[in-house]
> 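Pasting in a structure now, in structure tokens, and then I'll have a few things to ask.
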Amino acid sequence: MNEDINETVREIKRSFRLLMNGVASQSMRQKGVDYKINWGVSLPDLQKMAQQYGKNHDLAVVLWQENIRECKILATLIMPPEEMDETLAKQWVGDINSQDLAEIACFNLFQHLHHAADLSFEWMKSNGEIVRMCGYLILSRLFMKGENPHGNRINEFMDEVALALNSDNLGVRHAALNCVNKFAELGEDFRNMAEERLNLQL
């Protein structure tokens with residue numbers, strides 16, 4: 001089993017060479033997106049590869065362990081959300097070291113986890129800036145699907161956003177502000193609540 005997966009990973013890595021985009025790779029390096037290897041393969045190409053391999057928990061776990069941009073993105077595409085428990089989700093989010101990968105992982109995978117809402121509230125309180133950002137990115141997606149927070153969760157959300165909007169980290173501030181905007185789009189009551197509590201014009 002393991003040998004089959006390792007051979008598949010080798011095959012995947014070989015295919016990256018054929019799809020590499022040196023200009024994109026160099027541009028990402030200049031912006032501080034730091035991986036041991038970054039082939040600059042486009043997201044549409046990686047999505048096609050993901051369809052080829054299908055959902056596969058074990059392959060996703062092995063791919064994620066590689067410090068290669070394309071391997072990590074492919075892992076987020078092929079990991080079955082129903083097979084990712086909280087422990088594994090926390091391990092993966094702790095490995096993310098760029099805003100680029102944070103956004104991709106939240107869009108492709110984390111928002112689809114059955115415990116996504118609980119994780120988002122937990123991650124919003126993290127000391128790690130990338131983890132905090134992921135909390136807001138997930139919650140933004142859940143709000144866009146029409147999921148409403150209730151009761152104490154609304155107060156909790158407002159308290160965390162108030163702190164995040166004063167963060168030194170631009171990525172955290174941007175993710176929190178975008179999340180509040182998605183919250184406001186849930187309805188007039190939500191908009192009024194956010195404007196009043198956060199002294200914002202949304």
> Would you indicate whether the side-chain heavy atoms of Leu63 and Lys72 approach each other to under 4.5 Å?
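No, every pair of side-chain atoms sits at 4.5 Å or beyond.
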
> Say whether, by atom type as modelled, one donor and one acceptor occur between the side chain of Asn199 and the main chain of Glu195 under 3.5 angstrom.
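No, because the side chain of Asn199 does not come within donor-acceptor range (under 3.5 Å) of the backbone of Glu195.
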
> Is Leu109 reachable from Phe107 through a run of I, L, V, M, F, W or Y residues, each pair having side-chain heavy atoms under 4.5 Å apart?
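Looking at the clustering, Leu109 is in a separate group from Phe107.
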
> Output the distance between atom CE (Met49) and atom CD (Glu11), rounded to the nearest 0.5 Å.
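Reported to 0.5 Å precision, the distance equals 8.0 Å.
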
> Could you go through residues 147-156 and list every donor-acceptor pair under 3.5 Å that involves a side-chain atom there, pairing it with any protein atom two or more places apart or in another chain?
from: His150; atom 1: NE2; to: Asn148; atom 2: O; distance (Å): 3.3
from: Arg153; atom 1: NH1; to: Asp118; atom 2: OD1; distance (Å): 3.3
from: Arg153; atom 1: NH2; to: Asp118; atom 2: OD1; distance (Å): 2.9
from: Asn155; atom 1: OD1; to: Arg197; atom 2: NH1; distance (Å): 3.1
from: Glu156; atom 1: OE2; to: Lys125; atom 2: NZ; distance (Å): 2.5

> How long is the gap from CD on Gln52 to CG on Leu74, to the nearest 0.5 Å?
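Between atom CD of Gln52 and atom CG of Leu74 there are 9.5 Å.
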
> Mind checking whether Met79 and Val61 have side chains closer than 4.5 Å, heavy atoms only?
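A side-chain contact under 4.5 Å exists here.
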
> Is there a side-chain contact between Lys55 and Glu83 in this structure, where contact means two heavy atoms from C-beta onward sitting under 4.5 Å apart?
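Heavy-atom side-chain distance check fails, nothing below 4.5 Å.
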
> Decide whether Gln99 and Glu103 meet the rule of one side-chain donor and one side-chain acceptor closer than 3.5 Å.
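Their side chains do contain a donor-acceptor pair, which is all the 3.5 Å distance test asks for.
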
> Quick one: are Cys179 and Phe157 in side-chain contact, heavy atoms under 4.5 Å?
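Yes; the side chains approach each other to less than 4.5 Å.
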
> Please check if the distance between the ring centroids of Phe110 and Trp92 is under 6.0 Å.
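No, the ring centres sit 6.0 Å or more apart.
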
> Please report the interatomic distance CD1(Ile78) to CH2(Trp64), rounded to the nearest 0.5 Å.
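It comes to 12.0 Å.
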
> Taking the side chain as every heavy atom from C-beta outward, state whether Met124 and Leu139 have any atom pair closer than 4.5 Å.
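Yes, close enough: below the 4.5 Å cut-off.
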
> Say you draw a straight line from CE of Met84 to NE2 of His114; how long is it, rounded to the nearest 0.5 Å?
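Result: 11.0 Å between the selected atoms.
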
> Using every non-hydrogen atom in the two residues, find where Ala89 and Leu113 come nearest and quote the distance to one decimal.
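That would be CB-CD1, 4.0 Å.
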
> Using the rule given for side chain to side chain contact (heavy atoms under 4.5 Å, CB included), can you reason through Leu59 versus Ile12, listing the C-alpha separation, both sets of side-chain angles and the distance that settles it, and then say yes or no?
CA-CA 11 Å; Leu59 180 57; Ile12 286 168; 4.3 Å; yes

> Is the closest side-chain heavy-atom distance between Leu163 and Asp159 below 4.5 Å?
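Contact flag for Leu163/Asp159 side chains = no.
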
> Which value, rounded to the nearest 0.5 Å, describes the distance between Asp168 atom CG and Glu129 atom CD?
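Between Asp168 CG and Glu129 CD, I get 8.0 Å after rounding to 0.5 Å.
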
> Which residue, Glu185, Gln111, Lys182, forms the side-chain contact (heavy atoms from CB on, under 4.5 Å) with Met144?
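Exactly one option meets the side-chain contact (heavy atoms from CB on, under 4.5 Å) with Met144, and it is Lys182.
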
> Check whether Arg173 reaches the backbone of Ser167 with its side chain - one donor and one acceptor, N or O, closer than 3.5 Å.
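Yes; judged by distance alone, with no hydrogens or angles, the pair exists.
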
> Let me confirm one number: the OG1-NZ distance from Thr8 to Lys13, rounded to the nearest 0.5 Å.
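Here the rounded value is 12.0 Å.
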
> Return the set of residues passing side chain to side chain donor-acceptor pair (under 3.5 Å) with Thr76 (not counting sequence neighbours), or none when no residue passes.
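Thr76 satisfies side chain to side chain donor-acceptor pair (under 3.5 Å) with Asn108 once adjacent residues are dropped.
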
> Should Val172 and Leu165 count as side-chain neighbours, where that means a heavy-atom distance under 4.5 Å?
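Not in contact.
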
> Quick test of your reading of the model: are Glu160 and Arg132 salt-bridged, counting only N-O distances below 4.0 Å?
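No, this pair does not count.
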
> Where do Ile96 and Ala102 come nearest, in terms of heavy atoms and distance?
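Looking at all heavy atoms of both residues, the closest pair is CG2-N, 3.6 Å.
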
> Please find the pair of heavy atoms, one from Ser140 and one from Asn178, that lie closest to each other, and give the distance.
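Looking at all heavy atoms of both residues, the shortest contact is OG-ND2, 3.8 Å.
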
> If you count heavy atoms of other groups shown closer than 6.0 angstrom to CD of Glu196, is the number above 12?
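No, CD of Glu196 has 12 or fewer neighbouring heavy atoms, counting only those of other groups under 6.0 Å.
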
> Decide side chain to side chain contact (heavy atoms under 4.5 Å, CB included) for Arg141 and Cys106; before the verdict, give the C-alpha distance in whole Å, the side-chain angles of both, and the deciding distance to 0.1 Å.
CA-CA 8 Å; Arg141 304 303 308 183; Cys106 289; 5.6 Å; no

> Please examine the side chains of Val161 and Tyr136, heavy atoms only from C-beta on, and report whether any two atoms are closer than 4.5 Å.
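A side-chain contact under 4.5 Å exists here.
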
> Could you go step by step and tell me if Leu177 and His174 meet the side chain to side chain contact (heavy atoms under 4.5 Å, CB included) rule?
CA-CA 5 Å; Leu177 184 58; His174 179 76; 5.9 Å; no

> List the steps, then state whether side chain to side chain contact (heavy atoms under 4.5 Å, CB included) holds for Leu88 with His57.
CA-CA 11 Å; Leu88 188 59; His57 173 279; 4.0 Å; yes

